[in-house]
Amino acid sequence: MRHLLDLEGVPAADLANMLDTAESMAEILNRPIKRVPTLRGKTLLLLFFEASTRTRHSFELACKVLGADSLALSAATSSTTKGESLLDTGRTAEALGVDGVVVRHSSSGAPHLLARHLRVGVINAGDGTHEHPTQGLLDLFTVRARKGRIAGLRVCIVGDVLHSRVARSAVHGFTRLGADVVLSGPPALMPPRGGSVPVEVEPDVDRALDGADVVMALRIQKERQEGGMFPSIAEYRARWGIDAARLARARPDAVLMHPGPVNEGVELAPELMTAPPSLIAAQVAAGVAVRMAVLYLLLGGVGG
Amino acid sequence: MPLIEKTRIMDADTLTRTLRRMAHEIVERNGGTEALWLVGIRRRGVPLAQRLAGFVAEFEGVRLPIGTLDITLYRDDLTLKADHPQVQKTEIPGDLTGKRIVLVDDVLYTGRTARAALDALMDLGRPAIIQLAVLVDRGHRELPIRADYVGKNVPTSKREVIEVRLQEIDGRDEVMIMGPDDASPSRELSGGGEAGSRGSGGRERSEAGPKPRPDGVSGEAGMDEAEGRAE
């Protein structure tokens with residue numbers, strides 16, 4: 001593996017290998033001394049052109065635990081404000097001798113552009129409305145840790161699926177590993193029918209939740225509402241917001257997920273955040289182990 | 001170029017007798033079983049540690065705690081390898097601090113695996129003492145490391161490989177010396193273990209062999225090819 005740009009098209013065996021590796025990494029995070037020397041001497045550049053808390057910090061922590069150095073470049077303080085292009089920034093980083101680049105960008109395909117032109121490994125940390133592969137991996141990891149399997153589970157994803165890179169990576173990952181995925185949300189925010197991945201679309205969330213093992217609520221972005229994609233926050237909450245009564249329609253042992261940050265009281269009722277079915281904290285914790293696994297697989301060998 | 005079986009240096013009975021003797025030595029040298037833990041180095045050190053614990057239980061009536069150690073993240077040759085060794089779990093049954101740890105592995109060769117295991121253990125706590133038990137010591141150390149308990153000393157050439165086969169992993173108990181078929185010269189001989197698994201012979205790859213990187217081939221492809229040949 002040289003880059004991690006998307007989960008689409010990644011073979012099931014490779015996904016399983018990443019999850020197994022992440023499981024071994026999770027053990028290190030439970031030790032009194034959370035550090036191994038594996039990537040000593042490697043440097044990772046974190047290029048974040050969009051805001052991020054969880055993703056950036058968990059990449060930084062993953063670097064530290066594996067003994068690598070990380071160099072953070074946020075768009076606001078760098079030469080990008082002087083008009084330096086993405087590619088120039090990447091080439092500069094390469095000239096500085098970094099071993100890999102983690103990039104988040106508002107344009108879909110930005111990491112692919114870097115991967116085509118740089119010699120170092122590129123990890124997509126979220127590109128536009130395309131994919132967020134490490135988030136998809138940590139969702140898979142969290143569900144597998146709790147449920148013991150992915151295959152045969154019914155996964156219900158609720159919200160703005162059309163614009164969600166989290167949903168896109170989750171759909172590819174879960175279906176590849178044999179889960180059934182059903183999407184729900186405002187009809188204008190559902191993906192067009194006839195895509196390459198077999199998913200069910202059920203705009204009525206109460207029906208979509210019926211028999212679900214995994215319920216994943218997505219963050220609603222207010223600018224979509226302003227764009228007329230759905231009528232109002234109040235109506236969204238009434239028709240698609242997940243509360244205890246709605247969650248009861250899923251299986252009794254269903255788990256609840258959200259990529260964060262949560263608009264409490266919009267897509268999720270506040271009391272559900274820390275309720276027993278909630279895996280939201282576990283997702284954040286899994287993020288470090290999963291990113292350690294990806295860094296190891298990308299930078300650990302000759303190719304890195 | 002495949003290696004062929006040269007000599008069987010232990011059969012199942014010898015292997016069992018050897019482990020039984022080592023179990024006695026471990027208890028004797030440590031003055032009993034107080035705070036004594038066995039830690040097997042993946043992969044074949046793990047069943048060996050379990051068997052040693054079984055013998056100790058037989059004659060001392062005490063079940064020693066057993067840990068398993070994966071040293072992949074502590075290897076010093078990660079950046080020399082094209083493929084990524086699968087990282088397995090390390091499982092230690094509690095706090096190591098103050099314990100008497102016997103590291104168990106199948107083959108002691110360059111000493112690099114033992115070095116990595118020592119680093120891994122130190123990160124998990126501060127044992128009172130760490131000892132090393134190996135089924136076979138084949139020589140050719142590259143680091144100042146020696147074993148406290150040795151099943152059998154076997155002089156080898158670097159062109160040979162010691163293959164330890166255990167019932168739990170390989171379906172039978174025996175220790176073989178593997179070597180090149182002398183009829184045709186071989187290029188990369190320090191690897192060992194059958195396809196799909198990796199014995200210690202393979203893990204402790206000696207750097208003495210010819211560089212497995214043919215000119216004009218990218219490093220990655222060259223290494224892949226060499227790995228395939230060695231295993």
Side-chain angles (χ1 to χ4, degrees), chain A residues 1-4 13-44 62-68 97 99-100 119-121 137 141 144-145 288-304, chain B residues 39 42-43 46 67-99 112 115-127 196 205 207 211-214 217-228:
Chain A
M1 190 161 89
R2 209 166 104 66
H3 306 293
L4 180 65
D14 290 1
L15 288 177
N17 181 36
M18 288 190 252
L19 299 182
D20 291 344
T21 304
E23 221 171 90
S24 302
M25 297 296 180
E27 180 266 321
I28 297 167
L29 297 172
N30 291 324
R31 295 180 186 177
I33 302 171
K34 299 169 184 47
R35 180 172 284 247
V36 292
T38 315
L39 296 182
R40 203 172 44 171
K42 302 272 188 184
T43 306
L44 196 72
C63 278
K64 286 193 204 318
V65 175
L66 289 174
D99 300 285
R119 289 184 306 276
V120 299
L137 286 172
F141 181 87
R144 198 178 77 159
V288 180
V290 160
R291 287 168 182 126
M292 284 168 70
V294 170
L295 291 179
Y296 168 71
L297 293 170
L298 245 60
L299 302 182
V302 165
Chain B
V39 174
R42 286 188 192 272
R43 188 166 174 231
V46 178
T68 63
L69 201 59
D70 182 277
I71 55 102
T72 309
L73 297 172
Y74 292 84
R75 294 169 63 119
D76 61 4
D77 61 350
L78 267 182
T79 52
L80 303 174
K81 299 182 70 63
D83 62 340
H84 294 73
Q86 175 71 48
V87 185
Q88 304 280 339
K89 264 198 203 134
T90 287
E91 287 159 320
I92 300 294
D95 186 0
L96 290 170
T97 303
K99 300 296 185 296
R112 289 176 192 271
R115 194 281 310 164
L118 288 173
D119 280 358
L121 277 181
M122 300 297 194
D123 279 0
L124 295 167
R126 189 180 183 281
R205 198 171 298 282
E207 303 303 323
K211 283 284 175 233
R213 189 179 296 208
V217 180
S218 80
E220 202 163 332
M223 292 292 276
D224 275 342
E225 194 194 324
E227 289 285 325

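Each chain gets a letter, A, B and so on, in the order its sequence line appears, and its residues count up from 1.
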State the CD-CD1 distance between A:Glu27 and B:Ile92, to the nearest 0.5 angstrom.
8.0 Å

How long is the gap from NZ on B:Lys89 to OG1 on A:Thr21, to the nearest 0.5 Å?
11.5 Å

Looking at residues at least two apart in the chain, or sitting in another chain, which of them share a side chain to side chain donor-acceptor pair (under 3.5 Å) with A:Arg144?
A:Asp20, A:Glu23

Would you say the side chain of A:Met25 lies within less than 4.5 Å of the side chain of B:Leu73, judging by non-hydrogen atoms?
yes

Going by heavy atoms in the side chains, are A:Arg31 and B:Thr90 under 4.5 Å from each other?
yes

A:Arg35, part contacting chain B, at a heavy-atom distance under 4.5 Å:
backbone

I'd like to check the salt bridge (Lys or Arg N to Asp or Glu O under 4.0 Å) partners of B:Asp119; sequence neighbours left out, ordered by chain and number.
B:Arg115

Is A:Leu39 close to chain B through its backbone or its side chain, or both, or neither, when contacts mean heavy atoms under 4.5 Å?
neither

